[in-house]
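Just so it is clear: chains get the letters A, B, ... in the order the sequence lines come, proteins before strands, and each one is counted from 1.
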Amino acid sequence: MSPQTLSSTLDALKTTGSVFGIFLSKGENLIFQDAPFSDERISELATTLDDIALYFVQEKRSPDQLSFGFDGGNLLVLIEGEHRLAVFFHHSGEVDLLAEFARAFMKDFATSVLIEGQPGGGQEERGRQQGRPNGNTARIAAQARGPIDPTSPIQPVR
Amino acid sequence: MDNGNEAFRKALENGEARFFRASRGSAKGKTGQEDTARFAENLMILQECAVLIGEKLEMSAVASATFYEGDDTFGFCFDQNSDSQNPQVAGAIVNRRIPMEEFVSSIRDFINE
């Protein structure tokens with residue numbers, strides 16, 4: 001998928017419904033971003049999503065679509081291999097429509113990556129995913145280890 | 001897994017949501033201890049993911065979260081009417097992918113029952 005096609009497709013998604021931001025990443029590396037947050041914050045969020053995806057891989061689990069409703073907006077996350085697509089939007093009722101669009105994009109994108117070969121540090125990313133634990137994955141793991149017993153403490157959301 | 005639990009078996013057969021409540025360190029459900037433990041584990045993971053993401057976005061209060069994994073849909077909602085010092089959570093697991101909006105609505109309906 002050419003950079004122009006990638007950009008125009010994601011620009012189209014960004015004008016759908018109440019979407020106010022998008023980014024696409026491979027591992028920790030941003031491929032595309034158009035969101036009303038600083039570059040630093042988006043970069044940190046991409047790293048966090050990568051940590052979350054890595055945690056699930058380590059646990060041999062495979063969620064592929066997550067949605068979070070925050071006070072200030074909603075976040076839809078699609079995970080496809082090493083790629084993550086994050087969509088910020090205002091109206092929670094749009095989640096399924098946006099997910100449908102986003103999933104269609106991710107399928108096309110994944111196909112194009114297979115055809116064109118993986119751009120940008122595939123070997124390095126694979127090495128990182130197999131080896132290095134990090135703070136966030138450890139933090140999620142620590143949370144998950146506790147509550148196997150249903151009587152374990154449930155932490156209030158901060 | 002909890003195959004001896006009638007409510008669990010029926011929910012799986014009919015593709016119905018299994019609902020749970022959680023507060024003050026305990027989770028409760030009607031589909032057996034293993035299923036409730038699974039809910040509690042997923043709740044803690046998803047809550048921690050929400051906290052990590054919320055920290056980066058400076059959006060600290062999460063109202064709901066949902067994910068698809070395989071054929072399962074999992075999610076939770078905070079009970080907006082509960083005491084902030086003792087937040088109540090309701091959530092569900094269903095063994096099929098249902099629209100996330102419909103799923104969250106069903107949890108909110110459960111909260112309001």
Indicate, with yes or no, if [Y] and [X] share a hydrophobic cluster defined by side-chain heavy-atom contacts under 4.5 Å among Ile, Leu, Val, Met, Phe, Trp and Tyr.
| X | Y | answer |
| --- | --- | --- |
| A/Phe23 | B/Leu52 | yes |
| B/Val104 | A/Leu98 | no |
| B/Phe67 | B/Ile107 | no |
| A/Phe37 | A/Leu30 | yes |
| B/Phe110 | B/Leu43 | no |

Positions in residues 63-78 of chain A that reach chain B, provided some heavy atom is under 4.5 Å away =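 Within residues 63-78 of chain A, near chain B: A/Pro63, A/Asp64, A/Gln65, A/Leu66, A/Ser67, A/Phe68, A/Gly69, A/Phe70, A/Asp71, A/Gly72, A/Gly73, A/Leu75.
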Checking heavy atoms, do the side chain of A/Leu49, its backbone, both or neither come under 4.5 Å from chain B?
->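 Only the side chain of A/Leu49 comes within 4.5 Å of chain B.
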Does any heavy atom of chain B fall under 4.5 Å from the side chain of A/Ile52, the backbone, both, or neither of them?
->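 For A/Ile52, the side chain is the part near chain B, not the backbone.
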Within a strict 4.5 Å, meaning less than it, do heavy atoms of the B/Glu55 and A/Glu44 side chains meet?
->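 Result no, sub-4.5 Å side-chain heavy-atom pair not found.
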Using a 4.5 Å cut-off on heavy atoms from C-beta on, say whether the side chain of A/Tyr55 contacts that of B/Glu48.
->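 No, side chains not in contact.
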Take atom CG of B/Asn112 as the centre, draw a 6.0 Å sphere, and report whether it contains more than 12 heavy atoms from other residues, nucleotides or ligands.
->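 Yes, because the 6.0 Å sphere around CG of B/Asn112 holds more than 12 heavy atoms from other groups.
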Would you say B/Glu13 has more than 12 foreign heavy atoms packed within less than 6.0 Å of its CD?
->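 Above 12, so yes.
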Distance in Å, [X] [atom1] paired with [Y] [atom2], rounded so as to fall on 0.5 Å steps:
| X | Y | atom1 | atom2 | value |
| --- | --- | --- | --- | --- |
| A/Ile42 | B/Leu57 | CD1 | CG | 7.0 Å |
| A/Arg61 | B/Ile45 | CZ | CD1 | 5.0 Å |
| A/Asp51 | B/Ile53 | CG | CD1 | 10.5 Å |

Can you see which heavy atom on B/Glu101 is nearest to which on A/Asp96, and at what distance?
->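 The answer is N-OD2, 3.0 Å.
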Top contributor to chain B interface from A/Glu94, A/Arg41, A/Glu100 [non-hydrogen pairs under 4.5 Å] =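 Greatest number of close heavy-atom pairs with chain B: A/Arg41.
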Who among B/Cys77, B/Ser105, B/Ala65, B/Ser64 has the most heavy-atom pairs with chain A under 4.5 Å?
->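 Result: the option with the highest number of such pairs is B/Ser64.
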